[in-house]
Amino acid sequence: ALEQIIHDLRSDQPMTRLLQGDVGSGKTVVATAAMALTASVGAQAALMAPTEILAEQHYQTITRLLENTLNSDLEVRLLTGSVTGDEREEIYAGLEQGTIDIVIGTHALIQESVVFDQLALAVVDEQHRFGVRQRGALRQKGYNPHLLVMTATPIPRSLQLTVWGHLDVSVIDEMPPGREPIV
């Protein structure tokens, strides 16, 4: 899956890809690698999740994954409805100035006040929980950025998009070695 995504990221055409895999299969790890690659060339990446709890989990996981890598100097921030005041304004400024490399958030990412310097990769987790306009609004934050949507439960609309060629598909069809069963 990561090889397919890297190939797409290097292409002249914007990626529009569905990453499908069971809970615990490694979708977040793959998305983190794609976001880190995007940031390593000076562009920005954003991951939008449907709830604050999931956005916070992604933020914690992604910062942990990046902390002991060559990309540990990347600026990763969390933007949700609960982030207010000076911290919110600081994040807005960092996104607009390009000092924030990766932002993880909720619907807060698609507010008018959020302006990116160079959004090159938009990642949407549990994409079926967002409307077409909401997913489109995130993509509109950049100039034709790559789009990676992730799901553990493909719904008929996602499958229809793949059949008609609007989404390429990468499937993680096995669990990482040693992965404990998800309860």
Side-chain angles (χ1 to χ4, degrees), residues 1-19 27-52 54-127 130 132-150 168:
L2 185 56
E3 285 177 3
Q4 292 170 339
I5 291 167
I6 290 170
H7 179 267
D8 288 349
L9 291 174
R10 290 181 173 159
S11 169
D12 293 341
Q13 301 298 317
M15 169 179 70
T16 306
R17 182 169 291 279
L18 171 67
L19 178 60
K27 294 182 303 291
T28 302
V29 172
V30 171
T32 300
M35 290 188 295
L37 287 169
T38 300
S40 72
V41 297
Q44 293 170 300
L47 185 150
M48 186 168 67
T51 66
E52 285 199 28
L54 186 54
E56 289 173 15
Q57 288 175 340
H58 278 310
Y59 175 74
Q60 291 170 4
T61 299
I62 290 166
T63 53
R64 190 180 73 248
L65 287 169
L66 294 175
E67 70 186 355
N68 293 317
T69 68
L70 296 174
N71 293 310
S72 62
D73 61 337
L74 294 178
E75 181 71 20
V76 181
R77 297 298 297 266
L78 175 68
L79 180 62
T80 66
S82 296
V83 177
T84 59
D86 290 344
E87 183 180 5
R88 187 178 205 70
E89 294 305 317
E90 179 186 317
I91 293 171
Y92 286 169
L95 290 172
E96 189 167 6
Q97 295 164 5
T99 58
I100 294 177
D101 302 297
I102 298 171
V103 64
I104 293 100
T106 57
H107 298 81
L109 294 175
I110 58 175
Q111 301 305 310
E112 276 187 43
S113 47
V114 176
V115 177
F116 288 85
D117 177 52
Q118 190 180 356
L119 179 64
L121 174 62
V123 180
V124 180
D125 191 21
E126 295 193 22
Q127 62 95 25
F130 291 98
V132 173
R133 288 190 181 129
Q134 291 170 321
R135 291 191 306 267
L138 181 60
R139 201 169 197 182
Q140 294 291 322
K141 295 290 182 176
Y143 177 74
N144 220 3
H146 297 286
L147 177 66
L148 178 64
V149 295
M150 302 189 301
D168 293 318

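Nothing here was measured: the structure is a model prediction, and the numbers come from that model.
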Student: Check each of E89, E87, R88 against I91 using the side chain to side chain contact (heavy atoms under 4.5 Å, CB included) test, and report the only one that passes.
Tutor: E87

Student: Please find the pair of heavy atoms, one from I102 and one from A36, that lie closest to each other, and give the distance.
Tutor: CD1-N, 4.2 Å

Student: To the nearest 0.5 Å, what is the distance between CD (E56) and CG (L78)?
Tutor: 6.0 Å

Student: Could you grab the distance from atom CG of L54 to atom CG of D125, nearest 0.5 Å is fine?
Tutor: 5.0 Å

Student: Measure the CD1-CD distance between I100 and E90 for me, rounded to the nearest 0.5 Å.
Tutor: 7.0 Å

Student: Mind checking the CG-CG spacing from D101 to D117? Nearest 0.5 Å is all I need.
Tutor: 10.5 Å

Student: Ignoring hydrogens and geometry, is there a side-chain-to-backbone donor-acceptor pair from S40 to L37 under 3.5 Å?
Tutor: yes

Student: Side-chain contact test, heavy atoms from C-beta onward, threshold under 4.5 Å: evaluate it for L109 versus K141 and give yes or no.
Tutor: no

Student: Which of these passes side chain to side chain contact (heavy atoms under 4.5 Å, CB included) with P14: L9, D8, N144?
Tutor: N144

Student: Kindly say whether T106 contributes a backbone atom to a donor-acceptor pair with the side chain of E52 at under 3.5 angstrom?
Tutor: no

Student: If you apply the rule side-chain contact (heavy atoms from CB on, under 4.5 Å), what do you find for V30 with K27, and how did you get there?
Tutor: CA-CA 5 Å; V30 171; K27 294 182 303 291; 5.8 Å; no

Student: Determine yes or no for a side-chain-to-main-chain donor-acceptor pair under 3.5 angstrom, with H146 supplying the side chain and L121 the backbone.
Tutor: no

Student: If you take all heavy atoms of H107 and P50, which pair is closest and at what distance?
Tutor: CE1-O, 3.8 Å

Student: Taking all atoms of both residues into account, what is the closest heavy-atom pair of I104 and A55, and its distance?
Tutor: CG2-O, 3.4 Å

Student: At their closest point, which heavy atom of L119 faces which heavy atom of L138, and how far apart are they?
Tutor: CD2-O, 3.6 Å

Student: Passes side-chain contact (heavy atoms from CB on, under 4.5 Å), L2 versus I6? Steps please.
Tutor: CA-CA 6 Å; L2 185 56; I6 290 170; 3.8 Å; yes

Student: For the atom pair CG (L66) and CE (M35), what is the distance rounded to the nearest 0.5 Å?
Tutor: 7.5 Å

Student: Nearest 0.5 Å please: distance from the CD1 atom of I62 over to the OG1 atom of T32.
Tutor: 4.0 Å

Student: So, do L79 and Q111 sit near enough that their side-chain heavy atoms are less than 4.5 Å apart?
Tutor: no

Student: Identify the two heavy atoms, one from G81 and one from A108, that lie closest to each other, and give their separation to 0.1 Å.
Tutor: N-CB, 4.1 Å

Student: For the side chain of Q44 and the backbone of Q118, is there at least one donor-acceptor N/O pair under 3.5 Å apart?
Tutor: yes

